[in-house]
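Every chain is numbered from 1, with letters handed out A, B, ... down the list of sequences. Bear in mind the structure is a predicted one, so any value in this text is a computation, not a measurement. Computed over heavy atoms, backbone and side chain alike; hydrogens, waters and symmetry mates excluded.
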Amino acid sequence: MKISTWNVNSVRARLPLVLNWLRESSPDVVLLQETKVVDELFPYEEIEDLGYNIAVSGQKTYNGVAILSKFPIEDVITALPTFPENTEARYIEAVICSDIPVRVVSVYVPNGMEVGSDKFAYKLEFLDRLHEHMQNLLEYDECLAVGGDYNIAPEEIDVHDPVRMEGRICFHPEERKRFRTMVNGGFIDAFRAKYPDTKQYTWWDYRTKGWENGRGMRLDHFLVSPQMADLIKDVVAEEDTRGLPKPSDHCPLSFMVL
DNA sequence: ATGGTAGTCTCACTA
């Protein structure tokens with residue numbers, strides 16, 4: 001079984017790339033972020049034709065998350081229960097009915113725009129509320145994978161130039177502290193647990209030609225429960241997709257279980 | 001380098 005997360009930066013603009021990737025990479029479960037489409041206009045048919053069930057939480061123009069699964073999807077929640085006043089489509093949770101049931105979350109953490117701005121405060125608040133809910137989920141003692149675009153590079157190894165990046169958006173101490181709190185609270189950073197010393201990015205800036213320059217950040221993560229971590233055989237960032245024509249600025253991150 | 005690129009019911013906003 002293979003579970004992937006991918007910030008596609010518009011599922012409609014990216015549809016040919018997404019369909020090709022689904023065919024070639026054939027993940028069993030996919031967590032999408034930044035679908036940028038209302039639920040009625042989601043490209044259900046094209047994706048269903050490849051054998052996927054679909055659950056979505058979308059909105060116009062911005063944000064939007066979804067879950068694709070070759071197994072039945074049950075118990076869908078389309079908002080973060082601990083943040084009811086949040087109206088942006090950044091959270092979807094469901095149970096995947098495979099041999100071993102797996103609870104999955106697709107989350108799109110706010111970017112924060114500029115350190116000190118209202119959007120930065122919103123990012124920190126979202127992370128606090130997310131952590132609160134994740135702690136509640138952890139008490140179920142089940143296979144749980146919270147995947148998505150956290151918009152946080154957790155450690156120095158996760159950015160190209162940590163000195164230059166210090167205190168800037170996605171590498172600010174207040175963001176990194178919250179990511180650490182999640183790990184200290186019992187979650188496992190699936191990629192980092194498997195590869196303690198490997199520099200691996202999942203996002204490269206369009207504007208500064210990050211891909212061409214080999215400069216990116218590791219912003220997309222799977223935080224998993226211990227029960228899930230025990231079953232993980234490997235974790236890979238499928239960065240080849242970033243070099244294709246009309247790419248997303250993020251690449252898929254996937255883990256395999258037996 | 002307060003630039004640059006990409007996406008969206010756009011000429012402004014988010015990332």
Item to check | Pairing residues for A/Y150 by the ring-ring contact (aromatic ring centres under 6.0 Å, His included) criterion, not counting sequence neighbours | outcome: A/F179, A/H221

Checklist entry - How far, in whole Å, is B/dC11 from B/dG7 if one measures between their C1' atoms? => result 14 Å

Next on the checklist: For the C1' atoms, the ones on B/dA1 and on B/dA12, what distance do you get once it is rounded to whole angstrom?
Outcome noted: 23 Å

Checklist entry - Which letter, B, S or -, goes with each nucleotide of nucleotides 6-15 of chain B from 5' to 3', with contact meaning a protein heavy atom under 4.0 Å? => result SSSS---BSB

Item to check | Residue list, ring-ring contact (aromatic ring centres under 6.0 Å, His included) with A/Y195, at least two apart or on another chain | outcome: A/F191

Next on the checklist: Exactly one of A/T202, A/D220, A/T241, A/T5 should register a side chain to side chain donor-acceptor pair (under 3.5 Å) with A/H250. Which one does?
Outcome noted: A/D220

Next on the checklist: Please give the remaining members of the hydrophobic cluster of A/Y44, linking ILVMFWY side chains under 4.5 Å, ordered by chain and number.
Outcome noted: A/W6, A/V8, A/V11, A/L15, A/L17, A/V18, A/L19, A/W21, A/L22, A/V30, A/L32, A/V37, A/V38, A/L41, A/F42, A/I47, A/L50, A/Y52, A/I54, A/V56, A/L68, A/L244

Checklist entry - For DNA chain B, what residues of residues 161-174 of chain A have any heavy atom nearer than 4.0 Å? => result none

Checklist outcome for this item: Sorted by chain and number, sequence neighbours left out, salt bridge (Lys or Arg N to Asp or Glu O under 4.0 Å) with A/D189 holds for A/R218

Checklist entry - What residues, two or more places apart in sequence or in another chain, satisfy ring-ring contact (aromatic ring centres under 6.0 Å, His included) together with A/F187? => result none

Checklist entry - Between B/dC13 and B/dG3, how far is it from one P atom to the other, in whole Å? => result 16 Å

Next on the checklist: Between B/dT2 and B/dA15, how far apart are the two P atoms, rounded to whole Å?
Outcome noted: 22 Å

Checklist outcome for this item: Contacts satisfying salt bridge (charged side-chain N to carboxylate O under 4.0 Å, His left out) that involve residues 229-245 of chain A (not counting sequence neighbours) are A/K2-A/E238

Checklist entry - Which value, in whole Å, describes the distance between the P atoms of nucleotides B/dC9 and B/dT14? => result 15 Å

Next on the checklist: Could you work out, with ring-ring contact (aromatic ring centres under 6.0 Å, His included) as the rule, every residue matching A/H133, not counting sequence neighbours?
Outcome noted: A/Y91

